[in-house]
Q: 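Right, I'll just put the structure down here and ask away after.
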Amino acid sequence: MKQYLNQNQQKIIQTIQQIPAGCVASYGQLADLAGLPGRARLVGKVLRSAPDDLKLPWYRILRANGALAFSAGSEQAMRQIDRLADEGVEVIRNKVDMKTYGWQPSLADILFKLEQ
DNA sequence: CGGCTGACTTACC
DNA sequence: CGGTAAGCCAGCC
């Protein structure tokens, strides 16, 4: 069955798919890049409701302070930590060092995305 | 139609 | 570092 997403959700998904492996981004950052400043929660909604078929790198998305969106020790958190570890991102005390692994898209990347 | 919720964030104390 | 408050808004009841 086909999923009908509104335009905002489409943009968010596109933006999420821009996150390169080995990097992480925050909900707010994604909302900004998707052209939806202040709508971090919408990003969360999309992630929660998006079908797995989209193969979204949800595990590369964290809170603004680098902490996982899930509570430490939860099943989801552990799965996320596992996947991040696979890409070389280390999670310490349920948090990631945004300075080291945070995604810093270049202006060129953003412009390229806008063209698509 | 109104209220509540939440994979959020920033500011302030 | 923890607690409150306010802003945000789609989706569910």
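Heavy atoms only: backbone and side chains are in, while hydrogens, waters and symmetry mates are out. Residue numbers start from 1 in every chain, and the chains themselves are labelled A, B, ... in the order their sequence lines are given, proteins ahead of strands. Just so you know, these numbers come straight off a predicted model, no measurement behind them.
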Q: Nearest whole angstrom, please: distance from the P of B:dG6 to the CZ of A:Phe70.
A: 14 Å

Q: What integer distance in Å separates A:Asp32:CG from B:dC8:C1'?
A: 12 Å

Q: Considering only atom C1', compute the distance from B:dA7 to C:dT4 and round it to an integer number of Å.
A: 22 Å

Q: Is A:Leu42 touching bases, backbone alone, or none of the nucleic acid, heavy atoms closer than 4.0 Å?
A: sugar-phosphate

Q: Could you tell me how far apart A:Ile61 (CD1) and B:dG6 (C1') are, to the nearest whole angstrom?
A: 16 Å

Q: Answer yes or no: is there a donor N or O on one side and an acceptor on the other, between the side chain of A:Ser49 and the main chain of A:Lys45, under 3.5 Å?
A: yes

Q: Could you check if a side-chain atom of A:Ile61 sits within less than 4.5 angstrom of a side-chain atom of A:Ser26, using non-hydrogen atoms only?
A: no

Q: For A:Asp52, does the CG atom have more than 12 heavy-atom neighbours from other residues, nucleotides or ligands under 6.0 Å away?
A: no

Q: Rounded to whole Å, how long is the line connecting atom CG of A:Leu36 with atom C1' of C:dG7?
A: 15 Å

Q: Taking NZ from A:Lys45 and P from C:dC9, how many angstroms apart are they, rounded to a whole number?
A: 13 Å

Q: Paired with B:dC13 by Watson-Crick or G-U wobble geometry, both distances under 3.5 Å: which nucleotide is it?
A: C:dG2

Q: Taking atom P of C:dG11 as reference, at what distance in whole Å does atom CD1 of A:Ile12 sit?
A: 11 Å

Q: Please report the closest heavy-atom contact between A:Trp103 and A:Gln29, naming both atoms and the distance.
A: O-NE2, 2.8 Å

Q: Could you check if a side-chain atom of A:Gln17 sits within less than 4.5 angstrom of a side-chain atom of A:Leu56, using non-hydrogen atoms only?
A: yes

Q: Measure from CG on A:Asp52 to C1' on B:dA7 and round the result to the nearest Å.
A: 14 Å

Q: Rounded to whole angstrom units, what separation is found between the CG atom of A:Leu47 and the C1' atom of C:dA10?
A: 15 Å

Q: Using a 4.0 Å heavy-atom cut-off, does A:Arg39 contact any base of the nucleic acid, only the sugar-phosphate backbone, or nothing at all?
A: sugar-phosphate

Q: At a cut-off of 3.5 Å, list every protein nitrogen or oxygen paired with a nitrogen or oxygen from nucleotides 9-13 of chain B, distance to 0.1 Å.
A:
from  : atom 1 : to      : atom 2 : distance (Å)
B:dT9 : OP1    : A:Ala64 : N      : 2.9
B:dT9 : OP2    : A:Ala64 : N      : 3.0

Q: Using heavy atoms to find the nearest nucleotide of DNA chain C for A:Pro37 and A:Arg48 separately, return the residue whose nucleotide is more 5′.
A: A:Pro37

Q: Could you measure the distance from the CD atom of A:Gln76 to the OH atom of A:Tyr59? Nearest 0.5 Å is fine.
A: 13.5 Å

Q: Would you say that more than 12 heavy atoms from the other residues, nucleotides or ligands in this model lie under 6.0 Å from the CD of A:Glu90, or not?
A: no

